[in-house]
2 protein chains.
Amino acid sequence: MAPHLRSSPTPVVGPADDARDPRVRILSAAGQEFAEHGYEAATIRDICAAAGVNVAAVNYYFGDKRRLYIESVKHAHEERLRQVPQPEWATGTPAQEKLHQFIDTMLERMLGAGQPPWQVRLMMREVLQPTEACRELVEDYIRPHFAMLVAILDELTAGMLSQAELRRVGMSIVGQCFVYRAAGDVVSMLVPRDEIESLHTPKPLAQHITRYALAALGLGTPLALPLVRVTKDVIA
Amino acid sequence: MAPHLRSSPTPVVGPADDARDPRVRILSAAGQEFAEHGYEAATIRDICAAAGVNVAAVNYYFGDKRRLYIESVKHAHEERLRQVPQPEWATGTPAQEKLHQFIDTMLERMLGAGQPPWQVRLMMREVLQPTEACRELVEDYIRPHFAMLVAILDELTAGMLSQAELRRVGMSIVGQCFVYRAAGDVVSMLVPRDEIESLHTPKPLAQHITRYALAALGLGTPLALPLVRVTKDVIA
DNA sequence: GCGATGTTCAAACGACTGTTTTAATCGATT
DNA sequence: AATCGATTAAAACAGTCGTTTGAACATCGC
């Protein structure tokens, strides 16, 4: 009986990441091809060539291309979850520090060192043009992250903002990171090369976005101090 | 001689938007198909069926699919430029008001009423995964807009920030708008439906992003007033 | 040993793709 | 009316796609 027809699609035993297992070799190759070219443009022949298996293997293990795609998205994001686990903070860590580290981690994940991993590119495709695999991706991966950000913001503002307002602020922070990942090529055309390398890389960006958020919330020094505010600083 | 081989590809005379002209009918249909399905998945047969012309017309007028795509992107963004011209402000308009209107216009363009026009979707594809048509799009459409935003921010901060810092702040503002357009489906999954309709539509969003920016720059009241700041308010 | 079962392979199928060909049609000029 | 270029139409081309086939191969229990 073909594996993709069995009751338990994923083998119950085994780590399922054995490089010699054709199934995971196909999943990995498929993920990279889908990430690079998209669903339509990626071909089963190329995927199988990259995985070193016969074209018939895809239908044997996954049934058809559509189900291979869905499985590869799930596989990619499970792998990514294992690669970069949620940071754990010691109790008593200042919320401001948590926020900074959260933004920094998000940017590092999205932009990474040099070329971002194909797993992120694949997930980005799902975000930009959702398919069947999207809902699962959101529930398992994106929603918990966003909830963590909202929790940090809640702690930061000590209950002064409603959950709705917190979500909106959270989306503002996510958006500032997101644009660099999704529209990175256009960003590179809008700002000079040296400026990109000095100001628009993860670390400086995390600092900027954090400072921008803290100042907007009234918890840090504004980016540009207007003259009227000087009086306050004198008093403080 | 086939039109696409002639020296002047666009007819020198005529408005070129006559609905009876097969050339513009193809361009319009192609733009919508490309916007909906992407370059690879869109088929010449579907495009021609939508335009009401024979399949051979594409090769007759444009040579091949690739050149049709490039021309359709240019056509779409020229049409969009004509649809929503840059707002002109009277001299003496406060910079804060300009910023608010600029953000509002950008959001209205991106999100629009209901479904955004296919022209925007097509351009968004170029931003997310640039092809040959991208550079032209950036130079003619995006760069001038971004320069206008930076100019407003410069006026707002009265020279207190360097051009590099202004560009970074500008990118933060653009990112907050961009995420709603590019990742709108995921946003809809992260925030409750009623909250989307009340807080995440163009007008309220423009107000939020403007206020967020002004507060971050130190020109408006912070979103959350911390206790230490109360002293200032008492004094003021 | 030997079937039985799970897996791999080369080859082919039918459908669809972008593109080209060839002939028919139209419109204006002489 | 006849001619000639510009345009349209139907059909076919060569290639690639996802998918299927049927036989070969491997691996195991007995």
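The figures here come from the full heavy-atom set of this structure, side chains too, leaving out hydrogens, waters and symmetry mates. Chain naming here is simple, since letters A, B, ... match the order of the sequence lines and numbering starts at 1 in each.
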Quiz item: Expressed in angstrom and rounded to an integer, what is the separation of A/Glu40 atom CD from D/dT16 atom P?
Solution: 18 Å
Let me check something: any side-chain donor-acceptor pairs from residues 204-211 of chain A under 3.5 Å, sequence neighbours excluded? List them with distances.
from, atom 1, to, atom 2, distance (Å)
A/His208, NE2, B/Ser172, OG, 2.9
A/Thr210, OG1, A/Ala206, O, 2.5

Quiz item: Looking just at side-chain N and O atoms, do A/Glu165 and A/Ser162 make a donor-acceptor pair shorter than 3.5 Å?
Solution: yes
Quiz item: Expressed in angstrom and rounded to an integer, what is the separation of A/Phe62 atom CZ from D/dG18 atom C1'?
Solution: 16 Å
Quiz item: To the nearest Å, how far apart are B/Asp21 CG and D/dA6 C1'?
Solution: 13 Å
Self-check item: Side-chain donor-acceptor pair present, A/Trp118, A/Glu33, cut-off under 3.5 Å
Solution: no
Practice problem: May I ask you to say what B/Ala41 touches in the nucleic acid, namely base, sugar-phosphate or nothing, with a heavy-atom cut-off under 4.0 Å? | Solution: nothing
Exercise. State, to the nearest 10°, the angle formed by the axis through the first five base pairs of the helix from C/dG1-D/dC30 to C/dT30-D/dA1 and the axis through its last five.
Key: 20°
Quiz item: Between atom CG in A/Asp46 and atom P in D/dG15, what is the gap in whole Å?
Solution: 18 Å
Exercise. Establish, with yes or no, whether the OP1 or OP2 oxygen of D/dA6 is under 4.0 angstrom from a side-chain nitrogen or oxygen of B/Tyr60.
Key: no
Self-check item: Heavy-atom pair with the smallest gap, counting every atom of B/Pro202 and B/Asp104
Solution: O-OD1, 4.2 Å
Quiz item: Parallel under 30°, tilted from 30 to 60°, perpendicular over 60°: which one fits the rings of A/Tyr141 and A/His77?
Solution: perpendicular
Practice problem: For atom CZ of B/Arg143, decide whether the heavy atoms of other residues, nucleotides or ligands shown that lie under 6.0 angstrom number more than 12. | Solution: yes
Quiz item: Hey, are B/His145 and B/Arg109 close enough side-chain-wise for a donor-acceptor pair under 3.5 Å?
Solution: yes
Practice problem: Would you name the heavy atoms of B/Met189 and A/Cys134 that are closest together and state the gap between them? | Solution: SD-SG, 4.3 Å
Under 3.5 Å between N/O atoms: give me all the protein pairs with nucleotides 19-25 of chain C, atom names plus distance.
from, atom 1, to, atom 2, distance (Å)
C/dT19, OP2, B/Lys65, N, 2.9
C/dT20, OP2, B/Asn59, OD1, 3.4

